*Asks:* 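This is the structure I want to talk about, given as structure tokens.
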Amino acid sequence: SSSSLQKEEIIDNASNPTYSPDGKSFAYVEKVGDKQVVVKDGVAWSKYTYVSNLTYSPDGKSFAYIARQDSKIFIVQDGIESQKYDEVSNFTYSPDGKSFAYIAQQDDKMFVVKDGVEGSKEYVILSKLTYSPDSRHFAYIQEQFDSHPHLSDGKAYVVADWVVGIWHDEIINLAYSPDSQNLIYEAYNQQTMTRSLMKNGVEFAQEAQNLTYSLDGKSFAYIVNPGR
């Protein structure tokens with residue numbers, strides 16, 4: 001077959017080129033004066049001080065990015081601006097593309113915003129926001145501090161579907177099983193200096209780490225007593 005030529009266009013001051021998963025949509029950031037603007041499928045959106053993290057939903061039907069306007073940061077999803085915050089991070093779509101969540105910070109308080117609904121605002125550090133593969137559940141790690149948010153004298157919790165679990169000294173590697181039935185994480189005990197594997201909030205393996213599932217979620221393996 002004969003080779004085909006694709007049209008090429010050189011765009012000055014452009015960055016962050018991003019395709020949708022199905023390859024049918026294309027977006028990038030263009031600098032216009034002292035502002036930045038997202039151009040999606042040839043259409044320029046609103047201008048902001050700074051934009052980043054251009055992201056399509058897995059089904060390609062939704063599109064979002066982080067924007068800064070002066071000192072405030074927010075999410076722009078499908079052209080609609082969210083509430084404005086001091087910081088925004090860890091934003092993610094559910095695997096089916098129907099749900100959207102991120103971590104926000106305002107006046108030193110952090111909270112999760114899921115589908116436009118703000119969770120409880122507290123003096124905590126939040127991280128590892130994740131959805132289950134079937135998109136029906138979500139979870140994240142919450143670090144609670146006893147005195148000051150910048151001192152490491154507190155405890156860590158897993159929050160699953162807005163429900164706070166039991167506390168640990170540290171939580172590592174939060175993830176759902178491929179079949180979405182189990183929420184697995186590693187918990188560290190500072191007193192014994194050991195790790196344990198937790199499944200749905202219940203310990204099932206002591207002095208263990210590095211859990212790995214098979215692709216169908218029916219089998220798993222982990223390391224016990226590493227280095228001993």
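Just so we're clear, the structure is a prediction, and the values are computed from it rather than from any experiment.
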*Asks:* I would like to know whether Y28 and Y19 meet side chain to side chain contact (heavy atoms under 4.5 Å, CB included); could you show each step before the answer?
*Replies:* CA-CA 9 Å; Y28 61 91; Y19 275 101; over 6 Å; no
*Asks:* Calculate, to the nearest 0.5 Å, the distance between atoms CD1 and OG belonging to I75 and S82 respectively.
*Replies:* 6.0 Å
*Asks:* Could you please spell out the steps behind the side chain to side chain contact (heavy atoms under 4.5 Å, CB included) verdict for T55 and T18?
*Replies:* CA-CA 8 Å; T55 303; T18 306; over 6 Å; no
*Asks:* Would you say that E170 contacts E143 through its side chain, given a criterion of any heavy-atom pair below 4.5 Å between the two side chains?
*Replies:*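 Not touching, per the 4.5 Å side-chain cut-off.
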*Asks:* Nearest heavy-atom pair of D78 and K61: which atoms, and what distance?
*Replies:* OD1-O, 4.3 Å
*Asks:* Is there a donor-acceptor contact under 3.5 Å from the side chain of D34 to the main chain of T49?
*Replies:* no
*Asks:* Taking the side chain as C-beta and beyond, is there a heavy-atom pair between V39 and F26 under 4.5 Å?
*Replies:* no
*Asks:* Quick check: is V88 connected to F111 through a chain of hydrophobic side chains (ILVMFWY, heavy atoms under 4.5 Å apart)?
*Replies:*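 Same cluster: F111 reaches V88 through Ile, Leu, Val, Met, Phe, Trp or Tyr contacts under 4.5 Å.
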*Asks:* Restricting to non-hydrogen atoms, name the atom on G60 and the atom on P21 that form the minimum distance, rounded to 0.1 Å.
*Replies:*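 Nearest pair, atom of G60 first, then P21: CA-CD, 4.1 Å.
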*Asks:* Do the side chains of V43 and L54 join up, straight or via other hydrophobic residues, at under 4.5 Å, putting them in one cluster?
*Replies:* yes
*Asks:* Do you know which two heavy atoms are closest between S57 and D59, and how far apart they sit?
*Replies:* OG-OD1, 2.5 Å
*Asks:* Quick one: list whatever passes side-chain contact (heavy atoms from CB on, under 4.5 Å) with N189, sequence neighbours left out.
*Replies:* D169, Q191, T192, T194
*Asks:* Does M193 form a side chain to side chain contact (heavy atoms under 4.5 Å, CB included) with Y188? I'd like the steps, not just the answer.
*Replies:* CA-CA 7 Å; M193 300 181 66; Y188 179 72; 3.7 Å; yes
*Asks:* Strictly distance-based, threshold 3.5 Å: is any side-chain N or O of N182 a donor or acceptor partner for the main-chain N or O of I184?
*Replies:* no
*Asks:* Working to the nearest 0.5 angstrom, can you tell me the gap between I171 CD1 and Q142 CD?
*Replies:*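 It comes to 9.5 Å.
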*Asks:* For a quick check under 3.5 Å, do Y56 and S25 share a side-chain donor-acceptor pair by atom type?
*Replies:* yes
*Asks:* Could you state whether M198 and V159 fall into the same hydrophobic cluster, counting links through intermediate Ile, Leu, Val, Met, Phe, Trp or Tyr residues with side-chain heavy atoms under 4.5 angstrom apart?
*Replies:*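 Different hydrophobic clusters.
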*Asks:* Spell out, as yes or no, whether a donor-acceptor pair under 3.5 Å connects the side chain of D115 to the backbone of F100.
*Replies:*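 A pair under 3.5 Å: yes.
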*Asks:* Are side-chain heavy atoms of L129 and F138 found at a separation under 4.5 Å?
*Replies:*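 SC-SC contact between L129 and F138 confirmed.
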*Asks:* When rounded to the nearest 0.5 angstrom, what is the spacing between OG in S15 and CD in Q36?
*Replies:*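 The CD atom of Q36 is 6.0 Å from OG of S15, to the nearest 0.5 Å.
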*Asks:* Return yes if some donor-acceptor pair links the side-chain N/O of S132 with the main-chain N/O of Y176 below 3.5 Å, else return no.
*Replies:*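 No, S132 side chain to Y176 backbone: no donor-acceptor pair under 3.5 Å.
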*Asks:* When you measure from the side chain of N90 to the backbone N and O of S127, does any donor-acceptor pair fall under 3.5 Å?
*Replies:* no
*Asks:* How long is the gap from CD1 on I166 to NZ on K155, to the nearest 0.5 Å?
*Replies:*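 One finds 12.0 Å between CD1 of I166 and NZ of K155.
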*Asks:* My understanding is that only one of E81, K35, Q69 makes a side chain to side chain donor-acceptor pair (under 3.5 Å) with Y48; could you say which?
*Replies:*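 It is E81; the other options fail the test.
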*Asks:* Under a plain distance cut-off of 3.5 Å, with no hydrogens placed, do H168 and Y185 share a side-chain donor-acceptor pair?
*Replies:* yes
*Asks:* Is E122 paired with K109 through a side-chain N to carboxylate O contact shorter than 4.0 Å?
*Replies:*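 No, no charged N to carboxylate O under 4.0 Å.
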*Asks:* Just to verify, which of L183, V163, N200 counts as forming a side chain to side chain contact (heavy atoms under 4.5 Å, CB included) with V158?
*Replies:*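 Single pass found, and it is L183.
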*Asks:* Using the side chain to side chain contact (heavy atoms under 4.5 Å, CB included) rule, take Y50 and I66 through it: C-alpha gap first, then chi angles, then the decisive distance, then the call.
*Replies:* CA-CA 8 Å; Y50 178 78; I66 295 176; over 6 Å; no
*Asks:* Could you measure the distance from the CZ atom of R68 to the CZ atom of F74? Nearest 0.5 Å is fine.
*Replies:*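 CZ of F74 is found 10.0 Å from CZ of R68.
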*Asks:* Are S196 and Q206 close enough, and set up right, to give a side chain to side chain donor-acceptor pair (under 3.5 Å), and what steps lead you there?
*Replies:* CA-CA 4 Å; S196 298; Q206 294 183 340; 5.6 Å; no
*Asks:* Would Q105 and D86 count as a side chain to side chain donor-acceptor pair (under 3.5 Å) here? Give the steps.
*Replies:* CA-CA 6 Å; Q105 181 175 337; D86 296 330; 6.0 Å; no
*Asks:* Do K47 and V32 have side-chain heavy atoms sitting under 4.5 Å apart?
*Replies:*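 Touching, per the 4.5 Å side-chain cut-off.
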*Asks:* Answer yes if the side chains of Y102 and Q77 hold a donor-acceptor pair under 3.5 Å, and no otherwise.
*Replies:*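 Looking only at side-chain atoms, Q77 and Y102 do not form any donor-acceptor pair under 3.5 Å.
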*Asks:* Y157 and V164: which non-hydrogen atoms are nearest, and at how many Å?
*Replies:* CD2-CG1, 3.7 Å
*Asks:* Do V51 and F91 belong together in a cluster built from hydrophobic side chains that touch within less than 4.5 Å?
*Replies:*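 The answer is no; the residues belong to distinct hydrophobic clusters.
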*Asks:* Evaluate whether atom CD of E118 has more than 12 neighbouring non-hydrogen atoms of other residues, nucleotides or ligands under 6.0 angstrom away.
*Replies:*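 Enclosed.
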*Asks:* So, using side-chain contact (heavy atoms from CB on, under 4.5 Å) as the criterion, who are the partners of K128 when residues are at least two apart?
*Replies:* I141, L174
*Asks:* Is there a chain of hydrophobic side chains (I, L, V, M, F, W, Y, each step under 4.5 Å between heavy atoms) that links Y140 to Y93?
*Replies:* no
*Asks:* Using 0.5 Å steps for rounding, measure from the CG atom of D107 to the OH atom of Y85.
*Replies:* 12.0 Å
*Asks:* Taking all heavy atoms of R136 and all of D134, pick out the closest pair and write down the distance.
*Replies:*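 Residues R136 and D134, closest heavy atoms: N-OD1, 3.0 Å.
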